[in-house]
Number of protein chains: 2
Amino acid sequence: MKSAAPPGLLEALVQALRRLPGVGPRAAQRHAYHLLQHDREGARQLVRALDAALGGLGRCRLCNTFADAELCETCASPRRDPSLLCVVETPADQAMVEQTLTFQGRYFVLMGRLSPLDGVGPRELGLQRLLERAGDGVVTEVILATNFTQEGEATAHYLGELLRARGLAVSRLARGVPVGGELEYVDASTIAQAMRDRKTIRG
Amino acid sequence: MKSAAPPGLLEALVQALRRLPGVGPRAAQRHAYHLLQHDREGARQLVRALDAALGGLGRCRLCNTFADAELCETCASPRRDPSLLCVVETPADQAMVEQTLTFQGRYFVLMGRLSPLDGVGPRELGLQRLLERAGDGVVTEVILATNFTQEGEATAHYLGELLRARGLAVSRLARGVPVGGELEYVDASTIAQAMRDRKTIRG
């Protein structure tokens with residue numbers, strides 16, 4: 001791309017779009033052309049939304065998720081049970097738990113997970129804030145709902161130790177075969193786990 | 001996502017990111033979290049780049065591609081052969097042709113293709129500009145390098161008729177088995193085409 005190098009403004013836009021996770025050079029180019037050629041209103045919308053979010057979105061003082069007020073909607077709600085605290089990695093995970101309509105307690109959003117290889121330790125993850133939150137004297141049980149990945153499991157294990165040492169009841173989401181899961185297509189370690197955690201059926 | 005609905009600013013950002021082609025709700029959410037949590041500088045860069053591109057990027061008067069001046073770099077270059085005009089669908093296609101270093105003529109970028117089902121006819125594609133460009137009295141041959149898709153082929157066919165009627169030589173990129181292509185993995189219509197267009201080898 002020598003003499004036909006895209007002009008500076010376009011190149012800068014393509015480079016900026018590549019900051020999005022998983023967006024490579026081709027996708028960034030496609031995004032740029034699409035916005036400039038077919039959706040300039042969408043482009044303007046993105047500028048406005050990003051600018052507003054950068055300026056106006058902070059963190060919920062209680063649960064650490066993104067919020068445009070001191071408290072997020074969930075933490076501000078008087079209808080949530082303050083004795084149950086569910087710890088998730090991301091706002092998306094929290095949204096998934098909410099969708100199940102099975103949890104009426106409160107949340108703490110880690111905004112990440114322990115990941116020593118990426119330099120994310122207890123300090124970087126700000127676990128002190130979680131310990132303070134869980135130690136408010138009202139929370140009695142902490143439900144660890146980090147992912148069932150290696151890092152999520154390690155995070156849950158580490159948090160479990162800390163929280164139990166403070167006298168809190170700590171639980172973890174159950175592991176097992178997913179609803180609708182066919183054994184043939186479920187990985188062996190999940191089946192092994194489901195076997196170990198098998199539940200007695202009472203007639 | 002009732003009570004844990006993301007706050008307004010975040011939701012607006014996720015919606016805006018969904019305007020990018022091929023970005024669904026989950027990817028948009030991932031993009032938003034990434035920018036806000038891990039790459040705020042990247043987010044600011046995107047705001048600036050998009051804003052600058054929206055404001056400053058126009059079209060090259062000659063070839064119709066994005067340009068931040070009246071002429072793009074290629075059209076402004078005195079070293080390009082003005083008698084050859086290569087018609088491509090997008091700036092990305094132009095960049096691919098340039099990378100081959102086999103073409104020293106000039107370009108016309110359609111910024112699309114004929115696509116009646118999407119309501120893109122000759123008028124919407126602005127083919128009048130191409131006809132004027134090709135009819136400048138200097139261009140002698142037009143090379144149609146639209147894609148070898150159904151719509152690209154139809155576009156080439158339609159353009160070929162118009163351009164030949166104006167007394168211009170019109171050519172199309174050769175079709176055939178790709179370099180490095182193994183017949184076993186090449187589709188039948190490509191092989192059929194390569195067979196029809198077979199070239200005599202002279203000893």
Side-chain angles (χ1 to χ4, degrees), chain A residues 1-10 12-13 15-17 19-23 26-27 29-37 39-40 42-54 56-57 65-69 72-74 77 79-80 90-92 94-95 97-99 107 111-112, chain B residues 1-10 12-13 15-17 19-23 26-27 29-37 39-40 42-54 56-57 65-69 72-74 77 79-80 90-92 94-95 97-99 107 111-112:
Chain A
M1 294 208 285
K2 291 229 181 58
S3 52
L9 292 175
L10 182 60
L13 175 56
Q15 286 307 320
L17 285 163
R19 303 287 283 253
L20 296 171
V23 171
R26 288 202 176 222
Q29 208 169 47
R30 207 169 56 236
H31 288 343
Y33 295 155
H34 174 82
L35 290 175
L36 292 171
Q37 171 77 356
D39 194 11
R40 296 178 76 88
R44 279 186 286 267
Q45 185 181 327
L46 183 52
V47 168
R48 283 194 303 268
L50 205 43
D51 203 40
L54 282 169
L57 262 193
T65 197
F66 295 119
D68 45 16
C72 73
E73 245 183 281
T74 315
S77 164
R79 286 201 303 273
R80 313 284 308 207
T90 67
Q94 180 190 1
V97 176
E98 278 297 293
Q99 274 184 35
Y107 291 91
M111 292 290 189
Chain B
M1 297 207 283
K2 291 233 182 53
S3 52
L9 292 175
L10 182 60
L13 175 57
Q15 288 307 321
L17 285 163
R19 304 287 282 252
L20 296 171
V23 171
R26 288 202 176 220
Q29 209 170 46
R30 209 171 54 238
H31 288 343
Y33 295 157
H34 175 82
L35 290 175
L36 292 171
Q37 170 79 354
D39 193 11
R40 295 177 77 87
R44 281 186 286 267
Q45 185 181 327
L46 183 53
V47 168
R48 283 192 304 268
L50 204 44
D51 204 37
L54 282 168
L57 264 192
T65 196
F66 295 119
D68 45 15
C72 73
E73 247 183 279
T74 315
S77 165
R79 288 201 301 275
R80 313 285 307 207
T90 67
Q94 179 190 2
V97 176
E98 279 296 293
Q99 273 183 37
Y107 291 91
M111 293 290 192

Out of B:Ala69, B:Gly22, B:Pro91, which one racks up the most heavy-atom pairs below 4.5 Å with chain A?
B:Pro91
Among A:Ala53, A:Gly42, A:Pro21, which residue has the highest count of heavy-atom pairs closer than 4.5 Å to chain B?
A:Pro21
Heavy-atom side-chain contact between A:Val23 and B:His31 under 4.5 Å:
yes
Is B:His34 in contact with chain A via its backbone, its side chain, both, or neither, using a 4.5 Å heavy-atom distance?
side chain
Of the backbone (N, CA, C, O) and the side chain (C-beta and beyond), which part of B:Val97 lies under 4.5 Å from a heavy atom of chain A, both, or neither?
neither
With the side chain counted from C-beta on, respond yes when B:Gln37 and A:Phe66 share a heavy-atom pair under 4.5 Å apart, and no when they do not.
yes
Residue pair A:Leu46 / B:Leu13, side-chain heavy-atom distance below 4.5 Å:
yes
Counting heavy-atom pairs under 4.5 Å with chain A, which one of B:Leu54, B:Val47, B:Thr90 comes out on top?
B:Leu54
Salt bridge (charged side-chain N to carboxylate O under 4.0 Å, His left out) involving B:Arg30 - partner list, sequence neighbours excluded
none
Between B:Leu50 and chain A, with a heavy-atom cut-off of 4.5 Å, which part of the residue counts as in contact: side chain, backbone, both or neither?
both
B:Asp39 portion near chain A, given a 4.5 angstrom heavy-atom threshold
side chain
For chain B, which of A:Ala52, A:Gly112, A:Ala43 has the most heavy-atom pairs under 4.5 Å?
A:Ala43
Region of B:Arg44 in contact with chain A, defined by heavy-atom distances below 4.5 Å
both
Count the heavy-atom pairs under 4.5 Å between each of B:Ala32, B:Ala49, B:Gly56, B:Cys72 and chain A, then report the option with the highest count.
B:Ala49
CG of B:Asp51 to CZ of A:Arg48, rounded to nearest 0.5 Å, is 11.0 Å
Nearest 0.5 Å, what's the CG-CG distance between B:Leu20 and A:Leu20?
7.0 Å
